[in-house]
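Structure record follows, encoded as structure tokens.
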Protein chains: 2
Amino acid sequence: MGLSKTAAFSTEQNRIAELAKALAHPARVAIIQHLLKTKACVCGDLVDVLPLSQSTVSQHLKAMKNVGIITGSVEPPKVCYCLNMEVLREFTAAFGEMFSRCC
Amino acid sequence: MGLSKTAAFSTEQNRIAELAKALAHPARVAIIQHLLKTKACVCGDLVDVLPLSQSTVSQHLKAMKNVGIITGSVEPPKVCYCLNMEVLREFTAAFGEMFSRCC
DNA sequence: GAAATTCATCGCAATATTACGATTATTAGG
DNA sequence: CCTAATAATCGTAATATTGCGATGAATTTC
């Protein structure tokens, strides 16, 4: 029917999938990489860096913010985006734990 | 227009996104977890374990096989699926490297 | 050769994602 | 108050994903 049967899976499985989805697009990867590089918060120069329109970038940022992997703080008239280290640790922990036994 | 502008991003960014996409669905996570648990190869009992139809499971397996994160070897009339440790290492390396500096 | 088993693939429907331009807040500065 | 700057949201269109039942291919067993 086209809808992801999230209800049929565990909370953990859904969370892991959600975290993975936050990086499951090259633009999202590029955003993360840029935020890592510029260390300090960055705002709409993401639009300059990415080969996408302002509205599209804004949508990606919203999606990533919903998952929690980035945060956005208003600094009128700009918005400053940062990586959420808490969630990055959650990410590495989840996958690290998952694959620790085998490789 | 709805198409992922993959051409506008680097090969590395696309590969990372691809790897993430392989885990960006709870069913895929469940498949990985089950393959980790049963260590040895598993076949169609994935269908018994997952709350999805045979055809849907087959599709997920195909997608994951395309990314390379699992392999399937024919053992008539069954097909035996295994994790590809090579690609799992690629996965952990990619994200480990990415986040090594910050957390 | 006729079932039975196992899995891939096809065809379809529903929903999600990606992308953009245009519009709408919000706020700073004149 | 008017304008410029910034970013979110809306509306729309195209494409991708998810899911299932039905069908098809390969192979074993009887």
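On a predicted model such as this, the values are computed, not experimentally measured, just so you know. Every chain is numbered from 1, with letters handed out A, B, ... down the list of sequences. Worth knowing before you read on, the calculation uses all heavy atoms, side chains too, and leaves out hydrogens, waters and symmetry mates.
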Exercise. For A:Tyr81 and D:dA8, is the shortest distance between a side-chain N/O and OP1 or OP2 below 4.0 Å?
Worked result: yes

Exercise. Within the modelled atom types, does a donor on one side and an acceptor on the other bring the side chain of A:Ser55 and the base of C:dG21 under 3.5 Å apart?
Worked result: yes

Seminar exercise, completed: Testing C:dT18, D:dG19, D:dA5 for proximity to the side chain of A:Arg28, the answer is C:dT18

For this session: Figure out the NZ/C1' separation between A:Lys78 and C:dG29, and round it to whole Å.
Result: 15 Å

Exercise. What nucleotide, of C:dC7, D:dT9, D:dC20, holds the atom closest to the side chain of B:Val79?
Worked result: C:dC7

Problem set entry | Of residues 58-70 of chain A, the positions that come close to DNA chain C - non-hydrogen atoms, cut-off under 4.0 Å | A:Gln59, A:His60

Exercise. OP1, OP2 of D:dT17 versus side-chain N and O of B:Lys21: anything below 4.0 Å?
Worked result: yes

Seminar exercise, completed: B:Gln54 has its side chain closest, among C:dA28, D:dT18, C:dC7, to C:dC7

Exercise. Nearest-Å distance, CD (B:Glu18) to P (D:dA16)?
Worked result: 14 Å

Exercise. Within the pair B:Thr56 and D:dG19, is there a side-chain N or O less than 4.0 Å away from OP1 or OP2?
Worked result: no

Exercise. What is the distance, rounded to the nearest whole Å, between atom CG of A:Leu46 and atom C1' of D:dT6?
Worked result: 13 Å

Exercise. Can you find a side chain N or O atom of B:Lys5 that sits less than 4.0 Å from OP1 or OP2 on C:dC20?
Worked result: yes

For this session: Select from A:Pro77 and B:Pro77 the residue whose nearest nucleotide in DNA chain D is closer to the 5' end of that strand.
Result: A:Pro77

Exercise. Salt bridge or not for B:Lys21 and B:Glu18, using N-O below 4.0 Å?
Worked result: no

Problem set entry | Spacing of A:Leu23 atom CG relative to C:dT18 atom P, expressed in whole Å | 12 Å

For this session: Check the distance between D:dG19's C1' and B:His25's NE2 and give it to me in whole angstrom.
Result: 9 Å

Exercise. Over how many whole Å does the gap from B:Leu50 atom CG to C:dC7 atom C1' extend?
Worked result: 15 Å

